[in-house]
Participant: 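Before I ask anything, here is the structure I am working with.
Side chains included, hydrogens not; waters and symmetry mates left out as well; all remaining heavy atoms used. This structure is a prediction, so every number in the text was calculated from the model and none was measured. Order of the sequence lines fixes the chain letters, A, B, ..., with proteins taken first and strands second; residue numbering starts at 1 for each chain.
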Amino acid sequence: MIRFTNTLTRQLEEFRPQGDVVSIYVCGITPYDDSHIGHAMSYVIFDVLKRYLLWRGYAVKHVQNFTDIDDRIIERANRLKITTDELVARYMAAYNDDMRDLNVLPADEYPRATREVPGMIRMIEGLIEKGYAYEAASPQSEWPDVYYRVGAKADYGKLSHRTQDSLLAGARVESGEQKENAADFALWKGAKAGEPSWDSPWGKGRPGWHIECSAMSLHYLGERIDIHGGGEDLIFPHHENEIAQSEAYTGAAPFVRYWLHNAWVKMGDEKMSKSLGNFITIRDGLNKVGGDGLRLWILTSHYRKPLTFSEETLEAAQHGAARLRTAARAPSDDGDGGIDTAATRERFTAAMDDDLNTPQALAVLFDLAKEINRARDEGRGVRDAQALLLDLADVLGLRLEAAQEAIEAAPFIELLIQVRSDLRAAKQWALADQIRDGLAALRITLEDGPQSTTWKPDEAGSSATPTSR
RNA sequence: GGCGACGUAGCCAAGUGGCAAGGCAGGGGUCUGCAAAACCCCCAUCACCGGUUCGAAUCCGGUCGUCGCCUCCA
């Protein structure tokens, strides 16, 4: 029985999808800059969720948006003197490269806000008709804004567990805004000079932030979806507002059955974020410790607990990934090595069933790796156990690939190893060590086994696929 | 002010009533020409105080400390 902590109820709940295909909507990025490892945490977590559901036999439909129009995009494009489309294309490509190297499975659909405007307009019109939204003059535009009327539904605040009074107390009103209520939020913004805009029943303008996810999840996944995921900071206001709009518009509730939110990456004691400027990019992380290293680092902590970043923890993850890789890829004969593979699989499943407890699932993998190594040392064949390790690692998105093939210099390295073997046979230790040290300087490690010498590149430098950027 | 999270070994991090997972780092061994890898062994009474209980890291009360959301944010 799979259980998830549902933000809506704050309870651990049994997962029971409504139909044959589990519908998942994950809030995507706003492509105006490189993504950092905090974003990686979120997308890796939801990738593991999806991989686990698939492994357990569910069919999944995963939709993830790109917010390709917003203030930050407009500002940045203006500063770089390029169009918003050019800016967005650049950072969407960068994001896709990052996800590929992190081994994140592609979503089934990647809708873009700017391509879904008609759907949003229909929704806003519907909300106005039903009395949930209203037009108001904009202080900065000749065209009006449209706001959602927060007070129209009594359950507003149910996701973030706030009362309307408390929200009112904290709400901010930009000068000149003609909101009925300070907590009301924009569905549509009247166009300002020099901004991209679309025609609408209210004149020229652009959609507000929250409406896109409601419109796109409705379009691609229907009125009720199984799982909606995102970072903790999206709970309020973004997801709260999505619920309000969607349920008001369709009349179907709940809009989402299971709300899942991941916690933060911390830099020391602070949250890693763009605004604090204390982030490292996914690309930097990949270059340092590789895709497996970065993923393992993320999964060593439970997704609902903050994850602490440091160079040391990142390196620790890289070394851990190398340990798993060694166990999984070491040459071996057929056999399970006397290892209880069924029990291992069960332990792994129990951990993952329990609200995706990846730290415990990883502990199972490390235990299995140790058993494999031990059995090999004792001369038993372990290929079946290795297959299990690779299978379970794949559920976590860890490739554990032996990276030799990727290196063009492989034949030359093999040649050097052959020469060195002859030197060793002749007990020419100094020369043999010279070759080993020389290769080490080039980030190639040699390991002398009883029968033969194997080699491996440093993970970070080799496994990262070259990118076009 | 409102809502919430957290404080477990040198570092990271599971565990939420019954002798404290796992990883990294460190120390000692085995193996090896030496190394690397691997294997074996060692390395914590869970922020503090009080309470409930046969029994608490785990429940209750309090103290101290840290962080997040309430405004764009994964």
Participant: Name the pairing partner of B:C59, where a pair is Watson-Crick or G-U wobble with both distances under 3.5 Å, or state none.
Facilitator: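 Check on B:C59: paired to B:G51, both distances under 3.5 Å.
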Participant: Touch check for A:V265, heavy atoms < 4.0 angstrom, all strands: base, sugar-phosphate only, or nothing?
Facilitator: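 The residue A:V265 makes base contact.
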Participant: Starting from the 5' end of RNA chain B, give me the residue, A:G320 or A:D233, whose nearest nucleotide shows up first.
Facilitator: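 Closest to the 5' end, via its nearest nucleotide, is A:G320.
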Participant: Among the candidates B:A36, B:C12, B:G23, find the nucleotide nearest to the side-chain atoms of A:T445.
Facilitator: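 Of B:A36, B:C12, B:G23, B:A36 is nearest to the side chain of A:T445.
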Participant: Check this for me: does the side-chain of A:D448 come within 3.5 Å of the base of B:C34 through a donor and an acceptor?
Facilitator: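 Such a pair is found, so the answer is yes.
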Participant: Please confirm whether the shortest side-chain N or O distance from A:N373 to OP1 or OP2 of B:A37 is below 4.0 Å.
Facilitator: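 No, outside the criterion.
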Participant: Would you state whether a donor and an acceptor, one from the side chain of A:D433 and one from the base of B:G33, lie under 3.5 Å apart?
Facilitator: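 Under the 3.5 Å cut-off, the side chain and the base do form a donor-acceptor pair.
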Participant: What is the separation between atom CD on A:E311 and atom P on B:A25, rounded to the nearest whole Å?
Facilitator: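 It is 15 Å, rounded to the nearest whole Å.
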Participant: Closest-nucleotide mapping onto RNA chain B: is A:S160 or A:F46 further toward the 5' terminus? I mean the 5' end.
Facilitator: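 In this pair, the answer is A:S160.
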Participant: Kindly say whether, by distance alone, the side chain of A:R323 makes a donor-acceptor pair under 3.5 Å with the base of B:C24?
Facilitator: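 It does not, because no donor-acceptor pair links the side chain of A:R323 to the base of B:C24 below 3.5 Å.
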Participant: Look at the side-chain N and O atoms of A:N262 and state whether any lies under 4.0 Å from the OP1 or OP2 oxygen of B:A74.
Facilitator: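 No, no such contact exists.
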Participant: For B:A25, give its Watson-Crick or G-U wobble partner with both distances under 3.5 Å, or none.
Facilitator: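 Result: none.
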Participant: Taking atom CD of A:E14 as the centre, does the number of heavy atoms from other residues, nucleotides or ligands within less than 6.0 Å exceed 12?
Facilitator: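 Counting other residues, nucleotides and ligands, CD of A:E14 exceeds 12 neighbours.
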Participant: What's the CG-P distance between A:D33 and B:C72, to the nearest Å?
Facilitator: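 One finds 19 Å between P of B:C72 and CG of A:D33, rounded.
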Participant: Given atom CD1 of A:I372 and atom C1' of B:A37, what is their separation to the nearest angstrom?
Facilitator: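 Answer to the nearest Å: 15 Å.
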Participant: Looking across every strand, which nucleic acid part, if any, lies under 4.0 Å from A:G38 by heavy atom: base, sugar-phosphate, or nothing?
Facilitator: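 The residue A:G38 makes base contact.
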Participant: Which nucleotide, in any strand shown, forms a Watson-Crick or G-U wobble pair with B:A38, with both distances under 3.5 Å?
Facilitator: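 When the pairing criteria are applied, B:U30 turns out to be the nucleotide that pairs with B:A38.
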Participant: Checking contacts here: which listed nucleotide (B:C72, B:A35, B:G15) is nearest the side-chain heavy atoms of A:P237?
Facilitator: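 Out of B:C72, B:A35, B:G15, the nucleotide with an atom closest to A:P237's side chain is B:C72.
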Participant: Quick one: which of B:A74, B:A38, B:A36 gets closest to the side chain of A:D377?
Facilitator: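 Selected nucleotide (nearest to the side chain): B:A38.
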Participant: Using Watson-Crick or G-U wobble geometry with both distances below 3.5 Å, tell me the partner of B:U16, or none.
Facilitator: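 When the pairing criteria are applied, nothing turns out to pair with B:U16, so the answer is none.
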Participant: Strictly below 4.0 Å: does A:T308 bring a side-chain N or O up to OP1 or OP2 of B:A13?
Facilitator: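 Answer yes for this pair, as a side-chain N or O of A:T308 is under 4.0 Å from OP1 or OP2.
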Participant: I need the single residue from A:N65, A:T67, A:N241 that forms a side-chain contact (heavy atoms from CB on, under 4.5 Å) with A:C213. Which is it?
Facilitator: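 Only one of A:N65, A:T67, A:N241 forms a side-chain contact (heavy atoms from CB on, under 4.5 Å) with A:C213, namely A:N65.
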Participant: Kindly give the heavy-atom pair with the smallest separation between A:I69 and A:R206, and that separation in Å.
Facilitator: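 Looking at all heavy atoms of both residues, the closest pair is CG1-CD, 4.2 Å.
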Participant: Roughly how many Å apart are B:C59 and B:G15, using the C1' atom of each and rounding to a whole number?
Facilitator: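 Result for the C1' pair: 16 Å, nearest Å.
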Participant: With centres under 5.5 Å and planes under 30°, do A:W429 and B:G33 count as stacked?
Facilitator: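 By the stated criterion, A:W429 and B:G33 stack.
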Participant: Assign A:K427 to base, sugar-phosphate, or nothing according to its heavy-atom contacts below 4.0 angstrom with the strands shown.
Facilitator: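 It contacts nothing in the nucleic acid.
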Participant: Say you draw a straight line from OG1 of A:T5 to CZ of A:R304; how long is it, rounded to the nearest 0.5 Å?
Facilitator: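 Interatomic distance, A:T5 OG1 to A:R304 CZ, rounded to 0.5 Å: 4.0 Å.
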Participant: At less than 4.0 Å, is any side-chain N or O atom of A:S301 found next to OP1 or OP2 of B:A14? Yes or no.
Facilitator: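 Looking at the OP1 and OP2 atoms of B:A14, one of them is under 4.0 Å from a side-chain N or O of A:S301.
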Participant: Do you know which two heavy atoms are closest between A:H39 and A:I29, and how far apart they sit?
Facilitator: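 What the structure gives for the nearest pair is CD2-CG2, 4.1 Å.
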Participant: In whole angstrom, give the distance that lies between atom CD of A:E232 and atom C1' of B:A74.
Facilitator: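 Checked: the CD to C1' distance equals 10 Å.
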Participant: Applying the ring-ring contact (aromatic ring centres under 6.0 Å, His included) criterion to A:H210, which one of A:F185, A:Y148, A:F236 satisfies it?
Facilitator: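 Of A:F185, A:Y148, A:F236, ring-ring contact (aromatic ring centres under 6.0 Å, His included) with A:H210 is met by A:F185 alone.
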Participant: In whole Å, what is the span from the CG atom of A:D354 to the P atom of B:A13?
Facilitator: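 Those two atoms, CG and P, are 18 Å apart.
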Participant: With the side chain of A:W264 defined as its heavy atoms from C-beta on, choose the nearest nucleotide among B:G2, B:A21, B:G68.
Facilitator: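 Comparing B:G2, B:A21, B:G68 against the side chain of A:W264, the answer is B:G68.
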Participant: Give me the distance, rounded to whole Å, that separates B:C6 from B:A74 when you measure between the P atoms they each carry.
Facilitator: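 Nearest-Å result for B:C6 against B:A74 at atom P: 23 Å.
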Participant: Taking only side-chain nitrogens and oxygens of A:H36, does any of them come within less than 4.0 Å of OP1 or OP2 of B:A74?
Facilitator: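 It does not, given that no N or O in the side chain of A:H36 lies less than 4.0 Å from OP1 or OP2 of B:A74.
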Participant: Once you round it to whole Å, what is the distance between C1' of B:C24 and CG of A:L314?
Facilitator: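 In whole Å, B:C24 C1' lies 12 Å from A:L314 CG.
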Participant: Of the listed nucleotides (B:C11, B:G68, B:A74), which one gets closest to any side-chain atom of A:E270?
Facilitator: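 Selected nucleotide: B:G68.
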Participant: So does A:K370 get a side-chain nitrogen or oxygen closer than 4.0 Å to the phosphate oxygens (OP1/OP2) of B:C40?
Facilitator: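 The answer is yes; a side-chain N or O of A:K370 sits under 4.0 Å from OP1 or OP2.
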Participant: Specify the separation, in whole Å, of atom NZ of A:K305 and atom P of B:G15.
Facilitator: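 Rounding to the nearest Å, NZ of A:K305 and P of B:G15 are 6 Å apart.
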Participant: If you check the A:H302 side chain, which of B:G23, B:A14, B:A74 turns out closest?
Facilitator: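 Of B:G23, B:A14, B:A74, B:A14 is nearest to the side chain of A:H302.
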Participant: Rounded to whole angstrom, note down the C1' distance from B:C49 over to B:A57.
Facilitator: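 It comes out at 16 Å once rounded to the nearest Å.
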Participant: Who is the Watson-Crick or G-U wobble partner of B:C3, with both distances under 3.5 Å?
Facilitator: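 Across any shown strand, B:C3 pairs with B:G68.
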Participant: Between B:G50 and B:C12, how far is it from one C1' atom to the other, in whole Å?
Facilitator: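 To the nearest whole Å, 32 Å.
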Participant: Is A:K266 near enough to B:C12 that one of its side-chain N or O atoms lies under 4.0 angstrom from OP1 or OP2?
Facilitator: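 It does not, given that no N or O in the side chain of A:K266 lies less than 4.0 Å from OP1 or OP2 of B:C12.
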Participant: Would you measure the distance from the C1' atom in B:A38 across to the matching atom in B:C31 and give it in whole Å?
Facilitator: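 So the two C1' atoms sit 9 Å from each other.
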Participant: For B:G4, does either OP1 or OP2 sit under 4.0 Å from a side-chain N or O belonging to A:R10?
Facilitator: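 So the side chain of A:R10 is within the cut-off, an N or O lying under 4.0 Å from OP1 or OP2 of B:G4.
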Participant: What is the separation between atom CG on A:L299 and atom P on B:G23, rounded to the nearest whole Å?
Facilitator: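 Computing the A:L299:CG to B:G23:P distance gives 16 Å.
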Participant: How close do A:P306 and A:A263 get, heavy atom to heavy atom, and via which atoms?
Facilitator: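 Answer, listing the atom of A:P306 first, then A:A263: N-CB, 3.7 Å.
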Participant: Side chain of A:P359 only, heavy atoms from C-beta on: which candidate in B:G33, B:A13, B:A74 is closest?
Facilitator: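 The closest nucleotide is B:A13.
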Participant: State, to 0.1 Å, how close A:A328 and A:Q386 come at their nearest heavy-atom pair, and which atoms those are.
Facilitator: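 Closest approach of A:A328 to A:Q386: O-NE2, 3.3 Å.
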Participant: Could you please name the option among B:A14, B:G33, B:G22 that lies closest to any side-chain atom of A:R420?
Facilitator: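 Per side-chain heavy atoms of A:R420, the pick is B:G33.
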Participant: With a cut-off of 6.0 Å (strictly less than), are more than 12 heavy atoms of other residues, nucleotides or ligands near CZ of A:R76?
Facilitator: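 Counting neighbours around CZ of A:R76, more than 12 heavy atoms of other residues, nucleotides or ligands fall under 6.0 Å, so yes.
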Participant: Ring centroids only, cut at 6.0 angstrom: are A:F66 and A:Y110 within range, meaning strictly under it?
Facilitator: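 Yes, close enough.
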Participant: Applying a 3.5 Å limit to both distances, which nucleotide forms a Watson-Crick or G-U wobble pair with B:C43?
Facilitator: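 Checking every strand shown, B:C43 finds no partner, since no pair has both distances under 3.5 Å.
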Participant: How would you label the contact of A:P450 with the nucleic acid (heavy atoms, under 4.0 Å): base, sugar-phosphate, or nothing?
Facilitator: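 Nothing, no heavy atom under 4.0 Å.
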Participant: At under 4.0 Å, does any side-chain N or O of A:R374 touch on OP1 or OP2 of B:C40?
Facilitator: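 For B:C40, OP1 or OP2 has a side-chain N or O of A:R374 closer than 4.0 Å.
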Participant: Quiz question: going by heavy-atom distance under 3.5 Å, is there a donor-acceptor pair between the base of B:G33 and the side chain of A:R424?
Facilitator: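 Indeed there is one.
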Participant: It should be established whether A:R376 places a side-chain nitrogen or oxygen under 4.0 Å from OP1 or OP2 of nucleotide B:A37.
Facilitator: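 Negative; the distance criterion is not met.
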Participant: When you compare B:G26 with B:A47, how far apart are their C1' atoms, in angstrom units rounded to a whole number?
Facilitator: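 Between the two C1' atoms, the distance is 25 Å.
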Participant: Can you tell me which nucleotide in B:A21, B:A36, B:A74 comes closest to the side chain of A:R72?
Facilitator: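 Comparing B:A21, B:A36, B:A74 against the side chain of A:R72, the answer is B:A74.
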Participant: In whole Å, measure the gap between the C1' atoms of B:U58 and B:A20 for me.
Facilitator: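 11 Å, rounded to whole Å.
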Participant: Base, sugar-phosphate, or nothing: which does A:L446 touch, judged by heavy atoms less than 4.0 Å apart?
Facilitator: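 If one applies the 4.0 Å heavy-atom cut-off, A:L446 turns out to touch a base.
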